[in-house]
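Keep in mind the model is a prediction, meaning the values are calculated, not measured. Numbers for residues simply follow the sequence, beginning at 1.
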Amino acid sequence: MPGLIVFLHGLTGNENSWGAVPEYLQSDDFDVTTPTYSASINGLSDVEISAQRILTEIRTRFPDHSPICFAGHSLGGLVAREICRHLLLQGPDDFLNKVPAVITLGTPLEGARIGNWLLRKLPFVSPKIHQIATESYAFGEYRRAIAAAKQRKVSRPKQLHIQMEEDGVIARQIETRFTEDDRSAAVIGGSHQRFADNNDDAKFLADLLLRLIREAQNSLSAPSIPLPAPAPIHDLPDRLVLIACSHNKRDGGQQGYDDGRPVAWINEQNLRQKIINRRTYTYGLVKDGKLADGFERGGNRAFQPANATLQHGPDLGGTKVLGHSISYRRASNRYNGRIYGPVTDASWDAYAGNRNRMRVLIMSGLYGLIEPEELIQNYDVHLTDSHIESGQSVSSIWSELYTESLENYVRHAYRDRKVHIYNLLCDHNYVDSIRWHKLPRSKCSVFHLASPDFEDVELLPPAGVILNAVLADPQLLEAIHVDDRDKKIYSMADFHAAPPGLADTRIIFESRVGNSKR
């Protein structure tokens, strides 16, 4: 099941209060819902009872959706916060662990801008208004709920607060009052009621919400409630070839992202979401100027020409509507480095008809493991790049997910014979980014490309020759075997090609990286 974003209106609002924002976020990844609750000025219910109503509705109507995020405008933010407070105190923990974030928009955490004393004294107004006008209503009880949740060691939703620049209704938020789970997330243009009046504002806000949700998912601790085992998937072949992306890329491409979906080869929703979230995170590092070039030039990745045009489209976890002005190419056509040079268009065309016999995945520092036919933008990110503040490398940002993705592939491709993984990555920065020892040896065997003549990136052109051959004729993979005691030496002629300068190249395959050197 996809995730769910729950939009809650404010005082006197309704299901249309968020304008076109929910529509822009409806996608393969997220369903949206806009439930209503009693929000009239003289209504009888308080925040707690309305929160219970919304929680009951969501648990009943969407029992299998995950993750579930709440976005609350004005009073709706307090209702969403109360839902979390109740879950932190009483559970159920399986539902709480599905909620990575609550995003509030113009929510009166500190009450109204003026007249709180008067609002508390007015008769015949909703108990909700009295609560809004109560100093520190939003924080004291929530701190006690956090303490209770810590005792159970459950995941706690991030509380992300967006303010409006011209908000004349609510009091300014005071960050020193925030709990450890609160943070000020953004300030947008507009007034308390007029924040998504046109398509441009609605699109901007939708993309901002999506980035905040994915960032919260990235930072969320592992749920304490085990997820059920995924259903088996039988459309992945048991022969897998791994290759690296390339620094050299073709510019331009088609406009828009209208066919397919990102990470289509991953059928498990939770893992697919983690990969897309990590793409959003890495994209954010680039665009926020937090990624240092560790490959060749030094400097900041934000200033590389390719990254200047990079946008938060659906390929990187953004909203689809924002992707229509983005130029896309299939990955096999975008990259044109040393491993891609020997591969002909005819071989890629043949691969399209051989995908039931073998599969190719490309390792990227921005996208993770991608299929050759996935649409991607031009970009400039390398695994040796590092976070300017923490020093964490792109390789370490992705390493766990590279490995988990391969484990997932093996689990679904394994049937009546072992899955064979052919490592043609060559570049040690890419090879070392996978925790090979974590792959299930009982279900897969790994064939690492090596050579007595070349090593590391010098192996990329011979690897391209091998790739070109097996794309057209996957049966060639069956002739490759590993014997660490009696190493079989292959020549380029074994792969239907002997290009100038590579005809004498000798190739071996080893079961562990570096065995031939030892």
Legend entry - Check: R506 main-chain N/O paired with D453 side-chain donor or acceptor under 3.5 Å: yes

- Message: Is a donor from one side chain sitting under 3.5 angstrom from an acceptor on the other, for D315 and Y328?
- Response: yes

| Distance-only side-chain donor-acceptor flag, N429 / D427, under 3.5 Å | yes

Would E268 and R411 pass as an ion pair if we require N to O under 4.0 Å? yes

When you compare the side chains of D207 and Y24, does any donor N or O come within less than 3.5 Å of an acceptor on the partner? no

* Asked: Going by an N to O cut-off under 4.0 Å, is there a salt bridge joining E478 and R239?
  -> yes

So T104 and H161, side-chain hydrogen bond (donor to acceptor under 3.5 Å, both in side chains) or not? Walk me through it.
CA-CA 5 Å; T104 72; H161 307 301; 2.7 Å; yes

query: Can you tell me if Q377 and R334 form a side-chain donor-acceptor pair at under 3.5 Å?
result: no

Go through the steps for Y379 and Y367 under the test ring pair (Phe, Tyr, Trp, His ring centres under 6.0 Å), then give the verdict. CA-CA 10 Å; Y379 67 95; Y367 286 94; 5.5 Å; yes

Discussion item. A cation-pi test, strictly: NZ or CZ of K488 under 6.0 Å from the centre of the six-membered ring of F509 and no more than 45 degrees from its axis. Yes or no?
Written reply: no

Over 60° means perpendicular and under 30° means parallel, so classify the ring planes of Y402 and W398, tilted if in between. parallel

Could you walk me through whether M164 and L105 satisfy the side-chain contact (heavy atoms from CB on, under 4.5 Å) test, starting with their C-alpha distance in whole Å, then the side-chain angles of each, then the deciding distance to 0.1 Å, before giving a yes or no?
CA-CA 8 Å; M164 275 86 84; L105 179 67; 3.4 Å; yes

